Structure formats: structure tokens, C-alpha cells
Amino acid sequence: PPLLAAAGFAILLLAVVSSQLRPVIRTMAVSKATNLISTLSAATVDDSLADLQMEYASFITLRTDQEGNVASLSGDIQASSRFKRQVIDGLVNRLEHLDPDELGIPLGTLTGRLLLAGLGPEIRVGIQSVGDVTAQLESDFSAAGVNQTLHRITLDLTITIHLVIPGEIVPVTVREQIPVAETVLV
């Protein structure tokens, strides 16, 4: 009976500690995943712009009148679609091939003790699936000085993944707005 009581107490203690640490683990895992997704998104956009050799003129054709004034802007739908497709494919590929250790949380970090932060074995956090990646190009015009307008094109990304942490699956959605091209219209 004393051994059975000790085992019961140990299990109860483990359950209490686990329930106290679960919110901390969830918060840390979501934070690490969000930061990682933001970094991967920016890198994927940069790589896609370089691979496709795209700049402002790749997205927008600027037409002027006889005096050189801007008469119209027209977007290249095919180039825009090709760019969005490459970004989405590249980002999904990077997320699916993540090293599981990139999202691990060192056990010492959960103690709340500064000296133990970053130490000890890691609690593994994995990505079960990339739920959804959407991309939308947005165009924005703003004043840039006397008789000047800044035209900025941004890529709005929404990325949803599912983190697997011990005992639960946590959905994480990250929204990013990444500038891809801009010019000042005079």
C-alpha cells in the first residue's frame, strides 16, 4: 500500500504539473511558429521575386500621354498569378520540410528560472499539416510629395498550420503583408 500511495501521488503530481505547463508550452510553440512563418514568408517572397526577375514593371504597365503625364496603369494578370503561385508553392514546400527541432522548446525554459532557460531536453513540437496558404496582391496609392503619388504593391499572405504539442493540436494562423514593388508616380 505505501508503494501504491506513492505511485498515485506521483501520477497526481505529474497531472497537476502537466496542466500548469500546457498553456506555457502552447504559448511558446505558437510564438515560435509565428516568428518562423514570418521569416519563411519574407524569404520565399524575396526568392520568388529574384527567380522570376520581377520588379514594378513586371506587375504594372505604365502608359503616358503626349506630355509625359501618367495616363493609365494596367496590371499584368498572368505575371501576378505566376508570382502568387510560386510564393504559395515555395512556402508550402518550406513548411512541409521544416526540421522538427526548429520548433522544440527546451524543458529548462518552462521552469521560469533564468539560469535554466534554453537548457535541457526539448519538448518536441511538430507541424501536423499546412492547412491553408492564400495570397492576394494589393495595390495602394498614397501622397508622396507635391504632385507625386507612391504606388505600392503588397502581397497579403494568410498561412494556417496545425502544431502538434504533447496532448493537443493547436491551429495557428499568421497574416503577413509583404511589399513586393513600389514606384513614385509624377
Side-chain angles (χ1 to χ4, degrees), residues 23 26-100 102-105 125-165 168-186:
R26 183 183 315 111
T27 300
M28 291 183 74
V30 168
S31 178
K32 279 185 113 175
T34 300
N35 292 338
L36 185 60
I37 289 170
S38 294
T39 301
L40 290 176
S41 297
T44 303
V45 167
D46 287 346
D47 291 348
S48 296
L49 286 169
D51 290 348
L52 296 171
Q53 299 177 349
M54 296 187 83
E55 55 188 25
Y56 182 82
S58 305
F59 295 101
I60 300 293
T61 301
L62 180 70
R63 290 189 180 76
T64 56
D65 61 18
Q66 291 83 0
E67 288 96 40
N69 298 317
V70 176
S72 69
L73 301 173
S74 50
D76 186 335
I77 301 301
Q78 289 178 327
S80 296
S81 291
R82 189 171 44 254
F83 172 70
K84 288 191 311 185
R85 193 172 47 248
Q86 180 157 336
V87 169
I88 290 170
D89 290 347
L91 191 52
V92 167
N93 187 45
R94 286 179 177 190
L95 289 169
E96 287 177 343
H97 293 95
L98 270 182
D99 181 2
E102 288 203 54
L103 293 175
I105 301 170
V125 176
I127 294 180
Q128 179 187 28
S129 66
V130 178
D132 193 23
V133 177
T134 61
Q136 183 67 40
L137 283 169
E138 296 292 332
S139 201
D140 180 55
F141 295 90
S142 59
V146 179
N147 295 328
Q148 296 180 346
T149 303
L150 173 67
H151 181 210
R152 177 177 288 143
I153 301 169
T154 57
L155 183 66
D156 293 346
L157 289 169
T158 302
I159 304 106
T160 301
I161 62 168
H162 297 90
L163 294 179
V164 179
I165 60 175
E168 68 180 306
I169 296 174
V170 180
V172 177
T173 299
V174 177
R175 289 177 180 80
E176 291 287 323
Q177 286 188 317
I178 303 171
V180 296
E182 66 182 20
T183 195
V184 174
L185 305 171
V186 183

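Please read these numbers as outputs of a predicted model, since none were measured by experiment. Heads up: numbering here begins at 1 and tracks the sequence.
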Can you name the nearest heavy-atom pair linking [X] to [Y], along with the distance?
| X | Y | answer |
| --- | --- | --- |
| G90 | T44 | C-CG2, 3.9 Å |
| L155 | A135 | CD1-CB, 3.8 Å |
| L163 | A29 | CD1-O, 3.6 Å |
| A181 | Y56 | CB-CA, 3.7 Å |
| I161 | A33 | CD1-CB, 4.1 Å |
| I165 | R26 | CD1-CA, 3.8 Å |

[X]: partners by salt bridge (charged side-chain N to carboxylate O under 4.0 Å, His left out), with sequence neighbours left out:
| X | answer |
| --- | --- |
| D156 | none |
| E96 | none |
| R82 | none |

Sorted by chain and residue number, the side-chain hydrogen bond (donor to acceptor under 3.5 Å, both in side chains) partners of T160 (sequence neighbours excluded) come out as T173
Any side-chain heavy atom of L40 within less than 4.5 Å of one from I159?
no
Just wondering, do I153 and F83 contact through their side chains at under 4.5 Å, heavy atoms?
no
Spell out, as yes or no, whether a donor-acceptor pair under 3.5 Å connects the side chain of S31 to the backbone of T27.
no
Any donor-acceptor N/O pair, S58 side chain to E55 backbone, under 3.5 Å
yes
Distance, nearest 0.5 Å, that separates [atom1] of [X] from [atom2] of [Y]:
| X | Y | atom1 | atom2 | result |
| --- | --- | --- | --- | --- |
| I88 | R85 | CD1 | CZ | 9.5 Å |
| T183 | L62 | OG1 | CG | 7.5 Å |
| D140 | Q177 | CG | CD | 9.0 Å |
| S72 | D65 | OG | CG | 10.0 Å |
| Q86 | L52 | CD | CG | 4.0 Å |
| M54 | S48 | CE | OG | 9.5 Å |

Under the criterion side-chain contact (heavy atoms from CB on, under 4.5 Å), I'd like the reasoning laid out for L95 against I37: C-alpha separation, chi angles, the key distance, then a yes or no.
CA-CA 8 Å; L95 289 169; I37 289 170; 4.0 Å; yes
Checking V70 against H151 for the side-chain contact (heavy atoms from CB on, under 4.5 Å) test, could you report, in this order, the C-alpha distance in whole Å, the side-chain angles of both residues, the deciding distance, and whether it holds?
CA-CA 12 Å; V70 176; H151 181 210; over 6 Å; no
Steps toward side-chain contact (heavy atoms from CB on, under 4.5 Å) verdict (V87, I178):
CA-CA 12 Å; V87 169; I178 303 171; over 6 Å; no
Applied to residues 60-81, the ring-ring contact (aromatic ring centres under 6.0 Å, His included) test, sequence neighbours excluded, yields none
Would you please name every residue forming a side chain to side chain contact (heavy atoms under 4.5 Å, CB included) with S74, sequence neighbours left out?
T61, R63
CG of N147: more than 12 outside heavy atoms within 6.0 angstrom?
no
